[in-house]
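Labels below follow one simple rule: chain letters A, B, ... track the order of the sequence lines, proteins then strands, and each chain is numbered from 1. Predicted, not measured: the structure shown is a model, and the values here were computed from it.
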There are 2 protein chains.
Amino acid sequence: MQKNAQVPLDSSGEQSPRQLIASLVADGILTDPDSPRGRLLNAAARLFEQKGFTRTTVRDIAAEVGILSGSIFHHFASKEDILCTVMQEVTVYARARMAHASAQAESPREKLRACIQCELEAIHGLAVPGFSILVAEWRSLSADSQKRVLRERDAYEQIWLDTIAEAGCPGGEPALVRRLLLGALAHTYSWFKPRGRGLSLPELADRVLLIFAPL
Amino acid sequence: MQKNAQVPLDSSGEQSPRQLIASLVADGILTDPDSPRGRLLNAAARLFEQKGFTRTTVRDIAAEVGILSGSIFHHFASKEDILCTVMQEVTVYARARMAHASAQAESPREKLRACIQCELEAIHGLAVPGFSILVAEWRSLSADSQKRVLRERDAYEQIWLDTIAEAGCPGGEPALVRRLLLGALAHTYSWFKPRGRGLSLPELADRVLLIFAPL
DNA sequence: TTGAATACCAAGCGCTTGCTTGGTAGCGTT
DNA sequence: AACGCTACCAAGCAAGCGCTTGGTATTCAA
């Protein structure tokens, strides 16, 4: 159902989430969220994010969309297949979103800022539901499934590496900086509340930028 | 069995891991690793770190020390009790180790370096087996258990906050810097191989220091 | 009008899980 | 010799798990 070719992403002009999703669905690299399969993926992503993969049962997922647990296996081969597909599609969407945000910014440092804010929004469920699963549930995937997801993920990471290299961060190679940065950002999931009365999300992005790209 | 008072830690002179553990056992704030209970805790820590909490069964833990699964509940009230106790004791030991390492360093910046290296060693199983569980399995704890662990953890974090404040890191309040730093360090668990032929652990500590405390 | 495809139900199988129960063997005290 | 304490075994229960099977209702193209 899904073509795995790296479809070039449209990164010009303004785009609403709905438009972006629609164009990815039209390209055949994202499941239609209004289809039964798409509804299952969205429900699973929500639950995996809330409770974790092992603590989410197929009965939970089925109940979320109003069907019985057995019917899930008409759409997916296994519970792990659901997780793997969720991770793939989340990565595809996150990549499209970040490519767009990065292309909008002008200076290299602003591009990095845009990427940081973009990933923060993704992690905190403001833009890419299920993004935090990518880090939290990596070990729940079999080796084969990890490979499937990694192919999509490489394209996503390449945007980061290019951006970091151009911004001229200290701390060594872009790959190392990216890994430290990813850890720092992903971990904000467990303490930062974007809707709280403290730091706002763009403010947090600024602080992170200040550390990883001083000046 | 365990006194919860904040026992002042001996932080003078050289100390082998064995000596440090022995003194903590003598103080009654750590379980003797040679007792049946201690052997269970060590086995559980190893397994939780390798496979995660939910994917580790009480039968796995029992087999590791050569008893039957039911016998575990002579030593612990529940599987979660094991996890909670592991987390507590790991925190106690990590704190003692870091207090010692920090006290050995001279300048504020060297103290920060010592803490970073200390936590990296802990995360990668070179010094504090089970440390990575603290971050990875936090959500596996009930609210009550989280409170129990948090009391020990506060003392550990205080060392960090003091060290960061004195080192004068950019990026805002020490609490924020610490959270970003913890995320970055904890995540190294999933990509950094301390025994590999690439970057060594002290080198990695240097790079991290360069980012979080420039100059 | 038929036939295939899609989406789902109803029932339950086989297995694993955390944990319980009732009992026993060995040891140090008194 | 009697007691109590610690550490453990043997057996299994009740619940929950992922997943299978055989069948049905609806839709839509030929």
Under a 3.5 Å cutoff, is there a donor and acceptor pairing between the side chains of [X] and [Y]?
X	Y	answer
B/Thr57	B/Asp60	yes
B/Gln158	B/Asp154	no
A/Gln50	A/Arg46	no
B/Glu80	B/Ser142	yes

Distance in angstrom units between [X] [atom1] and [N] [atom2], rounded:
X	N	atom1	atom2	value
A/His75	C/dT6	NE2	P	11 Å
B/Leu68	D/dC8	CG	P	10 Å
A/Arg39	C/dA7	CZ	P	10 Å
A/Ile67	C/dA10	CD1	C1'	14 Å
A/Asp34	C/dA7	CG	C1'	16 Å
B/Phe48	C/dG18	CZ	C1'	12 Å
A/Asp81	D/dT20	CG	P	12 Å
A/Arg55	D/dG16	CZ	P	16 Å

- Task: Using a cut-off of strictly less than 4.0 Å, decide whether A/His74 has a side-chain nitrogen or oxygen near OP1 or OP2 of C/dA5.
- Result: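 No, because none of the side-chain N or O atoms of A/His74 sits under 4.0 Å from OP1 or OP2 of C/dA5.
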- Query: Distance check: side-chain N/O of A/Ser71 vs OP1/OP2 of C/dC9, anything under 4.0 Å?
  - Reply: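 Answer yes for this pair, as a side-chain N or O of A/Ser71 is under 4.0 Å from OP1 or OP2.
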- Item | Candidates D/dG18, C/dG18, C/dC8 - which lies nearest the side chain of A/Lys79 |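 Side chain of A/Lys79 sits closest to D/dG18.
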- Message: Let me spell it out: for each of A/Arg59 and B/Ser69, pick the nucleotide of DNA chain D with the closest heavy atom. Which residue's pick is nearer the 5' end?
- Response: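 It is B/Ser69, whose closest nucleotide lies nearer the 5' terminus.
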- Would you mind classifying the nucleic acid contact of B/Thr56 as base, sugar-phosphate or nothing, using non-hydrogen atoms under 4.0 angstrom?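 Sugar-phosphate contact only - B/Thr56 comes under 4.0 Å of backbone atoms but never of a base.
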